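This report concerns only the one structure given below.
The figures here come from the full heavy-atom set of this structure, side chains too, leaving out hydrogens, waters and symmetry mates. As the structure is a computational prediction, the values presented were derived from the model and not from experiment.
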Amino acid sequence: MVSLSPALAFDRVAMEFPGVKALDGVSFSVTAGSVHALLGENGAGKSTLLKLLSGAYTPSGGTLVLDGQPRHFRHTADALAAGITVIYQELHLVPEMTVAENLFLGHWPHRLGILNRRELSEAARRALESIGETFSAETKVSRLTLAQRQMVEIAKALTRGARIIAFDEPTSSLSAREVQRLFAIIRALKARGCAILYVSHRLEEIFALCDRVTVLRDGRHVETTDVPTATRSTLVRAMVGRELAEVFAYTPRARLGPGLDVAGVCGPRLPQPCSFTAHAGEILGLFGLVGAGRSELLRLIFGAETSSGGRIAVHGTAVYITSPRDAIAAGIVLCPEDRKKEGIVPIRSVLENLNLSARRRHARAGGILAEDWEQANAQQQVERLRIRTPSLHQPIRHLSGGNQQKAILGRWLSEPVKVLLLDEPTRGIDIGAKHEIYAIIQDLARKGTCVIVVSSELPEVLGLSDRIAVMRQGQIAAVLDRTDASEEKILHLALPLEPALGS
C-alpha cells in the first residue's frame, strides 16, 4: 500500500432527518493511495455518508476534512470542484449522448460559444486511453455494456481532476471478468495516489481489493481496521452483532420424501442433458462458475425457456412444463437472478407486487379484484417476512434490495408452493437482510418445501445447503453432502476440464 497522508476525514459527522438520526458522530479517515472499504447493513448510514461526501447533503454536525482542512459543501458542484466524485450504482450518464459528450458534459471545449468537436473527440480519446479502454468516444452510451459505462464514469471523474473517488456497490451487475477489469482500474487509481472509498456487501471483494475497512451499524462507527488482520467472522459480527454461523441459521432436517426429480433436461442454451434429485424439506445448493449453466437450468425447469428434452416430476408425479404457467400450476416457482428486471414491477405498489400471482385464485366473477383479500394477504406477507415498508401502497422500487427480494418470496408464498427455485437470492443485499432471507428459506424447508438455491458465493452455498450440486460446462459434475463439501473440493469440481492432448 502506498502510504501517504489522510486525504479525507470524517470528524464526528452527524446527519439527522425528522425523527431519524442517520449518522451519529462518525469519525474515520481515508488515506491517499489506498482503497478503504465501507461496510454495514442497509440503514447503517453508508448511503447518507456518500451523499454528504458528494455535497448532496449538508451534515447536521461534525466536519468533513480534506487534506487537513475543514470543508463545507453547499452543493454537489463544490464537492466536484474539490476533487471528489461518487460513482453510484445507478450511473449518471445521458444514454443518447456519445461517450465524448458525457465525459465533458458541462464543460465542452468551445470557441466563441461554438462546440469544438475535434477537440472534444481528441480529449475523450485520451481520457479513455488513460484507463486502457479502446471503444470509440463517438459511441452512444446506450450501446455500451454496464461495465463500459462504469469505465466512462471513472474516465469522467479523472477528466475533472478527481483525487477522492467513492464507489457504491460497483460490481452488483458485473461478470467475474468485468469485476477483475474494474479491480485493475481501481488499483491503478490507487497507484496514482487517489483515495478510494469502496462500498460493497461482498466480503470477498473487501479482502481481494481493500487496505482498510470501516464498519457502520445503526448510523454509528463500530470499528476501523486493517484488512489483513480482519476475518469474515469478525466483520460480520461487527456489522450485525452476531457470529457468522448464526447468520446462515442452518439446522439439520429430515428429508420428507420426493421433491423435484429432473431427468435429462436440456435446451438451446443448455445442450447437455442435466439430471438431479432434490427432496421435499431439503435445500439443494447449485454452484458453478459464470457460464456453467445454473440460471439456464432453473429457467428450463420453470418453463421460462423452451426445453428440448428430458422429464420433470414433482412429489413423484410427472409434470409437463411448456411455460411458467404450467410450472406454477405444478407448484414450481422461480425467484429470478435479476429481480429488478424480471422479479418486481417497479412502478407498482408493494401490495400489487405481493398479490400479482395469487390474485387469479381469488378474483370475483368477471375478473373483479377481491380487494379485501388483497389487503389482508399483503399485510400477512409483510408481517410474516418482516418486509420494511412505510405502507402497502409504497412503490416497490423505493424499497431496499433485501425488502424487494422478500416481497418476491411473499408473492410466491401467497399460493401453494412445492418447489422453490432461488437464483442468486441475496445478490446485492446486506448481511442483516441475508440473515432474514436465510431464516425464511430454512423455515420453508422445515415445512416440507423443496428449495433449490443458485449462488456464486461459496460460503453461502456451504452455510445454507444440505447438499451441493456442482455444475461444470453445462452439466452436473457432482453432488456433495454438506459434511463432505469444502471450498477447495467444490472449486476443483467447478473448474473446466482441460482439453485432451491432440484435440
Side-chain angles (χ1 to χ4, degrees), residues 47 50-51 54 56 76-77 80 85-110 114-160 162 165-186 188-189 199-200 269 290-291 295-296 299 304-305 336-348 395-399 401 404 423-424 427-428:
S47 296
L50 292 186
K51 288 180 179 177
S54 74
T76 55
L80 288 171
T85 294
V86 178
I87 299 178
Y88 292 100
Q89 246 179 307
E90 304 294 333
L91 302 177
H92 296 166
L93 298 172
V94 184
E96 292 309 309
M97 283 186 173
T98 67
V99 170
E101 290 165 341
N102 272 276
L103 284 174
F104 294 93
L105 193 61
H107 55 113
W108 288 345
H110 60 87
I114 300 173
L115 171 64
N116 187 329
R117 286 209 165 270
R118 178 177 294 179
E119 186 176 337
L120 174 66
S121 183
E122 180 59 25
R125 184 188 61 77
R126 289 195 302 269
L128 292 175
E129 280 184 357
S130 73
I131 59 168
E133 285 298 340
T134 58
F135 54 82
S136 171
E138 302 308 314
T139 305
K140 280 190 176 182
V141 165
S142 60
R143 299 180 62 184
L144 300 180
T145 66
L146 181 59
Q148 289 173 324
R149 295 184 194 197
Q150 276 192 334
M151 295 303 155
V152 173
E153 284 277 25
I154 294 169
K156 184 169 73 171
L158 295 178
T159 66
R160 296 179 174 182
I165 304 176
F167 291 86
D168 183 20
E169 296 287 352
T171 66
S172 59
S173 300
L174 301 186
S175 69
R177 181 175 294 180
E178 290 168 339
V179 168
Q180 291 308 311
R181 171 76 179 126
L182 175 65
F183 282 10
I185 293 295
I186 291 176
L189 294 174
V199 178
S200 177
R269 296 202 298 156
V290 173
S295 297
E296 290 79 3
R299 291 175 67 85
E305 293 188 4
E337 178 181 12
D338 192 335
R339 61 178 169 269
K340 290 190 176 180
K341 286 186 178 179
E342 299 181 327
I344 64 170
V345 183
I347 63 173
R348 295 297 185 182
I396 197 169
R397 68 178 182 273
H398 296 317
L399 269 57
Q404 289 178 2
D423 196 354
E424 300 285 6
R427 173 169 287 174

Atom pair CD/CG of Q150 and L93 - distance to nearest 0.5 Å: 10.0 Å
Do [X] side-chain atoms and [Y] backbone N/O form a donor-acceptor pair below 3.5 Å?
| X | Y | answer |
| --- | --- | --- |
| E96 | S142 | no |
| Q404 | L399 | yes |
| R348 | I396 | no |
| R160 | L103 | no |

With a 4.5 Å heavy-atom cut-off, do [X] and [Y] have their side chains touching?
| X | Y | answer |
| --- | --- | --- |
| T145 | F135 | no |
| L80 | T85 | yes |
| L182 | M151 | yes |

With sequence neighbours left out, what residues match [X] under salt bridge (charged side-chain N to carboxylate O under 4.0 Å, His left out)?
| X | value |
| --- | --- |
| E122 | R125, R126 |
| E424 | R294, R427 |
| E296 | R269 |
| K51 | none |

Salt-bridge contact R181-E133 (side-chain N to carboxylate O under 4.0 Å):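 Between E133 and R181 there is a salt bridge, with a charged N closer than 4.0 Å to a carboxylate O.
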Considering non-hydrogen atoms only, spot the tightest contact between [X] and [Y] and give its length.
| X | Y | answer |
| --- | --- | --- |
| N102 | K156 | O-CD, 3.2 Å |
| R149 | L144 | NE-O, 3.3 Å |
| A155 | A127 | CB-O, 4.1 Å |
| L158 | A162 | CD2-O, 4.2 Å |
| I131 | I185 | O-CD1, 3.0 Å |
| P395 | P346 | CB-O, 4.3 Å |

For H92, ring pair (Phe, Tyr, Trp, His ring centres under 6.0 Å) partners two or more places apart: Y88
Test side-chain hydrogen bond (donor to acceptor under 3.5 Å, both in side chains) applied to R397 - qualifying residues, sequence neighbours left out: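 Scan of R397 (side-chain hydrogen bond (donor to acceptor under 3.5 Å, both in side chains), adjacent residues dropped) gives none.
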